Structure formats: structure tokens, C-alpha cells
Amino acid sequence: MRYPIGPFTLPDHEVAAANRDTYVQNIGELPQKVALIAQQLKVDGKLDVPYREGGWTARQVIHHLADSHANAYVRHKRTLTEEHPTIAPYDEVSWAELSDVTAAPIEASLDILRGLHLRWATLLATCSVAQWERTAYHPGSGWTYRLDTLAANYSWHGLHHLAHLEIVLKS
Ligand code: NI
């Protein structure tokens with residue numbers, strides 16, 4: 001239940017380079033997919049249903065996507081403009097428990113995702129080969145990301161949480 005599409009594994013450079021278009025497409029398409037399922041969850045009154053026992057509610061998942069991908073966007077931009085930056089971690093569990101997550105309507109995060117992903121997918125779609133190969137260090141995992149493996153991670157991350165929302169919808 002926790003990893004409905006399986007955990008993320010860091011692709012090797014050859015695989016990541018071959019799949020750049022897929023990552024751009026997945027990142028570009030996510031907001032519309034989330035908005036569609038969020039609308040269905042709202043109609044069904046399931047926004048406060050967790051996707052698993054003790055897990056986040058659909059509402060928390062939607063707000064988490066906005067929180068996480070705002071960080072992701074900054075990570076991509078820093079990778080493109082700084083020399084091998086160290087990615088700043090954030091406490092995603094605490095972020096999901098802050099008051100805005102219960103007080104703000106999901107539409108606020110759907111709006112964030114729509115604008116953010118349009119910028120993000122446009123940025124990635126126009127990157128040069130040299131830009132795709134720029135690197136960043138992630139202290140949490142100890143991984144060195146390239147821009148394409150970072151995009152791979154977030155391409156997976158969007159679909160991972162979309163699958164959580166689908167679990168709630170089918171419950
Ligand atoms: Ni997540």
C-alpha cells in the first residue's frame with residue numbers, strides 16, 4: 001500500500017538519458033491527472049480518507065505534492081545555476097501537519113501544481129545535454145543526482161502519490 005508502483009530506484013546514467021522525454025511528459029501531465037482525481041474524491045467525500053492505515057489522507061497527499069514539488073523546482077533551478085549544490089532537505093512529515101494543510105482548500109495546491117509544473121516541464125523540455133548532466137548532492141540519501149536522475153525521481157514521485165489517490169478513490 002505504501003509503494004503501490006514500487007519504491008524509486010536511481011536509474012543509471014544511460015537509462016536516465018534515454019528517458020528524459022518521458023520524465024518531462026510525466027511532470028507536465030501530473031497536474032491535470034491530480035486535478036481530475038481530486039475532483040472525483042471531493043464529489044465522493046473522500047478527501048479525508050487515508051490511503052492506508054496510519055497513512056496520509058487524500059487531502060494531505062495533494063498538499064504534499066505541492067510542498068514537495070515546490071522544493072523539487074528549487075532543486076532543479078539550483079542544480080542548473082550553482083556548481084554541484086547540496087540539496088536542502090525538509091521535514092515532509094511536519095510540513096504535512098502544518099495548519100495550512102487542513103485549513104487551505106485543495107484547489108490552492110492544485111493551482112500551485114498547475115503553474116509550477118508548467119514552468120518545470122518547460123524548463124526541462126528546453127534543457128541542453130550539458131544542462132541535463134549537471135549534478136547536485138543529496139545529503140539525505142547520500143546520492144549524487146544528475147538533473148535527469150533528479151527529474152526521474154520526481155517523475156516517479158508524482159505517479160507514486162497519484163496511485164495513493166487512486167487507492168482512496170477505489171476504497
Ligand atoms: Ni512524497
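A quick note: this is a predicted structure, and the numbers were derived from the prediction, not measured. Heavy atoms only: backbone and side chains are in, while hydrogens, waters and symmetry mates are out. Just follow the structure's listing: the first ligand is 1, and inside any ligand the first atom is 1.
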Are [Y] and [X] an aromatic pair, judged by ring center distance below 6.0 Å?
X	Y	value
Y154	H69	yes
W120	H76	yes
W56	Y51	no
H160	F8	no

(Q) Just to be sure I understand the site: which N, O or S atoms from the protein are less than 2.8 Å away from the Ni ion (ligand 1)? (A) H64 NE2, H157 NE2, H161 NE2
Q) Can you find a side-chain donor-acceptor pair between H161 and H164 that sits under 3.5 Å? A) yes
Q: Tell me, please, which residues at least two apart from D111 pass side chain to side chain contact (heavy atoms under 4.5 Å, CB included).
A: R114
